[in-house]
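Proteins get letters first, then strands, A, B, ... in listed order; numbering begins at 1 in each.
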Amino acid sequence: MADVANPLSIVSDLLAPVFADIAGRPDADPVVRPSDRADAQVNGALPLAKQMGTNPREVAQRVVDSGVLADVCSEVEIAGPGFINLTFTDTFLAAQLQSVALDDRLGCPPASTPRTVVVDYSAPNVAKEMHVGHLRSTVIGDALVRLHEFAGHRVIRENHIGDWGRPFGMLIEHLLDLGEDVAAEGLGQGDLDGFYKAANAKFNESTEFQERARDRVVLLQARDPETIEIWQRLVDMSNTYFQGVYSRLGVLLTDDDLAGESGYQPLMEGAYERLGKAGLLEENDGAQVVFAPGFTNRDNEPLPLIVRSSAGAFMYATSDLACVLDRIERLHADLLLYVIGAPQAQHLQMVFTVAEMAGWLRPPAEAVHIAFGSVLGDDRKMLRSRSGDSVKLSDLLDEAVERAAAAVAEKNPELDADTRAEVARTIGIGAVKYADLSNDRIKDYVFDWDRMLAFEGNTAPYLQYAHARICSIFRRAGADRIDLHGLAIVLGQPQERELAKRLLAYPTVVAETLAAYAPHKLCTYLFELAQDFSTFYEHCQVMQADEPVRSSRLALCDVTARTLEQGLGLLGIDAPEAM
RNA sequence: GCCCCAGUAGCUCAGUGGAUAGAGCAUCGGUUUCCUAAACCGUGUGUCGUAGGUUCGAUUCCUACCUGGGGCGCCA
């Protein structure tokens, strides 16, 4: 899937037959890479010469002598032990960028083989507060959903909420004790932790309450209609709260995406039976387990995946296995993404392995754990509030918007109140999301208000500001954006060239971001793009320039703005036209 | 004890087997009759955790070790 516009891909395609000819085999890679010494460098002559036992510079010379780069390069130079440094012609870059400008997808090709992708993310617990752990899953999952949809895949969002299990006996009884109206008030206002803690405290203090709670769990599991009705109300109240948070966060999750634990209860018996038929079940200390090779416990003995406890209950592993079956057989998914914290790695690997052993999960279908690290405070420990509790996600978002509002009020007092409030929301929420997405997801990251909300450095506000500045130019020029798409591009100044090269790299970056499920790659790119634009903006006057440079620069601005907006959009971040 | 992840500039972080390892922040200095100065320009900054190995070439791949974090059967 070569990028249509990226000069590096084009050069690679041009050189591939030359390398194949010299090597005498079809798969010799030219190894074309970006270079800080030229526009690109070709490294493939070195390994090829090694294989052939000849001089790398001679191989490089043969590549250069082929002349296939004459149309696109103004300079082709052999350097060092056998590198080939390339300088593209301005007209080549300009022509490529002009074709990108006419493309709504900015050069990104749709996936050649669309897949059905299930993204499992967010997963808060009913009657429990959403906290920063849910932030990571929700924000990363949302970005992956948007990226895969953009690439042309069929995406199914699944919010695997915790709406089933032992705690629900006590939660239902507590709800009944409070009276539904009182409970609804507390839960509706988002005091989920208060509700849960009160129920838990009662459970620890009162044996009478414990008995009621246990009885209630039995009723719940028996699907007693009255109990189910109360349970459903509890779930609904929490969902209302979750949807409020999702709405403020600006993620795509809706009620339609709910796929709670409870939904998999009826499927577990079937999954369990099929494990038995596949001959995978073994009894171990009274429990039914599957031994997956390669997993050991602390005594270095085989570690079982317990699918039915000695008491006869199904486990979360059973639920996860039923879930794999459901996604593959009912939804016909061939890519299962689990956006779940890194500590779950072993559990998920065991589930995946067992699903493979059972023959449910097999190529081309694959399951991938999209693991992520923790959010840390400035003490480098898990982020906690002053009271030592986990930080409520809603409090976090409140503070983000408040801080952004203060900044906007200070920096641009001319904005009217409504616009200012909307801009503050966009900047505050964008800053929180970008701070999360811009770090390699597998690593922990330090949560720092001042840094994420700064208008300098690798932050959402800096990118949003760059976009807003461009939009300001269009307003001043009275330009209709659509008219800019076909304008001829001429590249004279070095800052224009750098910007053009950066813009042409966008499709490659999007592809790499998807391939590694790594949103931070796109973030890094967008930051570099914004920097290149700022440099261009300082050095190259747009409005005052004579034609055809003025039109060309307007077109450069237009493609830059569209790339920033689309790129941020793929991350779930809005780009205001003024701020 | 076993397994997983991380370790790169004072701080926060990028880095695709390629040449001299890069950004941002912070420091210091400069730029505004000019499209948003929320910006830009300049300025130093390194035992890429340690030691081996593979390779023409290793921050990148492999092995061992060190440090930090996490996980390791009937909760989810």
Below 4.0 angstrom from OP1 or OP2 of B:A76, is there any side-chain N or O of A:Lys128?
no

For the pair made of CG in A:Asn439 and P in B:G69, what is the distance, rounded to whole Å?
20 Å

Return the value, rounded to whole Å, for the distance between atom CZ of A:Phe291 and atom P of B:C74.
13 Å

Please report the distance separating the P of B:G24 from the corresponding atom of B:C41, rounded so that it comes out in whole Å.
8 Å

Rounded to the nearest Å, what distance is computed from the CG atom of residue A:Asn85 to the C1' atom of nucleotide B:G18?
11 Å

Side-chain donor/acceptor of A:Tyr465 to base of B:A38, under 3.5 Å
no

Which whole number of Å gives the distance between the C1' atom of B:U33 and that of B:C25?
33 Å

Determine the interatomic distance between C1' on B:C13 and the same-named atom on B:A64; round to the nearest Å.
29 Å

5' priority, RNA chain B, between A:Gly286 and A:Gly457 [closest heavy atom]:
A:Gly457

Residues A:Thr535 and A:Glu498: side-chain donor-acceptor under 3.5 angstrom:
no

Would you indicate what A:His347 reaches in the nucleic acid, counting non-hydrogen atoms under 4.0 angstrom: base, sugar-phosphate, or nothing?
nothing

Please determine whether any donor N or O and acceptor N or O are separated by less than 3.5 Å between the side chain of A:Arg451 and the base of B:U12.
no

Just the rounded figure in Å: distance from P of B:A23 to CD of A:Glu456.
17 Å

Checking contacts here: which listed nucleotide (B:U36, B:G15, B:G7) is nearest the side-chain heavy atoms of A:Lys443?
B:G7

Can a side chain N or O of A:Lys521 be found less than 4.0 Å away from OP1 or OP2 on B:G15?
yes

Protein-nucleotide distance (A:Asp444, atom CG; B:G70, atom C1'), rounded to Å:
9 Å

OP1 or OP2 of B:A6 versus the side-chain N and O atoms of A:Tyr445: is any pair under 4.0 Å?
no

By nearest-heavy-atom nucleotide on RNA chain B, the more 5' of A:Asp36 and A:Ala317 is A:Asp36

What integer distance in Å separates A:Met350:CE from B:A76:P?
15 Å

Per A:Tyr462 side chain, nearest of listed nucleotides B:C35, B:C2, B:A39:
B:A39

Which part of the nucleic acid does A:Thr535 contact within heavy-atom distance under 4.0 Å: base, sugar-phosphate only, or nothing?
sugar-phosphate

So A:Trp164 and A:Trp231, would you call those rings parallel, tilted or perpendicular, with 30° and 60° as cut-offs?
perpendicular

Find the distance A:Phe372:CZ to B:C4:P and express it as a whole number of Å.
21 Å

Between B:U27 and B:U32, how far is it from one C1' atom to the other, in whole Å?
24 Å

Side-chain N or O of A:His160 closer than 4.0 Å to phosphate OP1/OP2 of B:A76
no

In whole angstrom, what separates A:Arg298's CZ from B:G71's C1'?
9 Å

Decide, yes or no, whether a salt bridge links A:Glu173 with A:Arg216 under the criterion of side-chain N to carboxylate O below 4.0 Å.
yes

Closest to the A:Met315 side chain, choosing from B:G18, B:A14, B:C74
B:C74

Examine B:C40: is either OP1 or OP2 under 4.0 Å from a nitrogen or oxygen in the side chain of A:Ser534? Give yes or no.
yes

Whether A:Gln531 contacts B:G24 is assessed here as follows: a side-chain N or O lying under 4.0 Å from the phosphate OP1 or OP2. Is that the case?
yes

For B:U16 and B:C40, measure between their C1' atoms and round to the nearest Å.
30 Å

Could you check whether A:Lys501 pairs with A:Asp532 (Lys NZ or Arg NE/NH1/NH2 to Asp/Glu carboxylate O, under 4.0 Å)?
no

Pairing residues for A:Arg497 by the salt bridge (Lys or Arg N to Asp or Glu O under 4.0 Å) criterion, not counting sequence neighbours:
A:Asp39, A:Asp90

Is it true that A:Arg562 and A:Glu565 make a salt bridge, defined as a side-chain N closer than 4.0 Å to a carboxylate O?
no

I'd like the C1' distance from B:U12 over to B:A26, given in whole Å.
11 Å

OP1 or OP2 of B:U36 versus the side-chain N and O atoms of A:Arg476: is any pair under 4.0 Å?
yes

Expressed as a whole number of Å, how far does the C1' atom of B:G7 sit from that of B:G15?
15 Å

Between B:G68 and B:G17, how far apart are the P atoms? Round to whole Å, please.
31 Å

Step-by-step side-chain hydrogen bond (donor to acceptor under 3.5 Å, both in side chains) determination, A:Ser551 to A:Glu547:
CA-CA 6 Å; A:Ser551 289; A:Glu547 292 294 354; 2.7 Å; yes

With a cut-off of less than 4.0 Å, is there a side-chain N or O of A:Lys50 near OP1 or OP2 of B:G57?
no

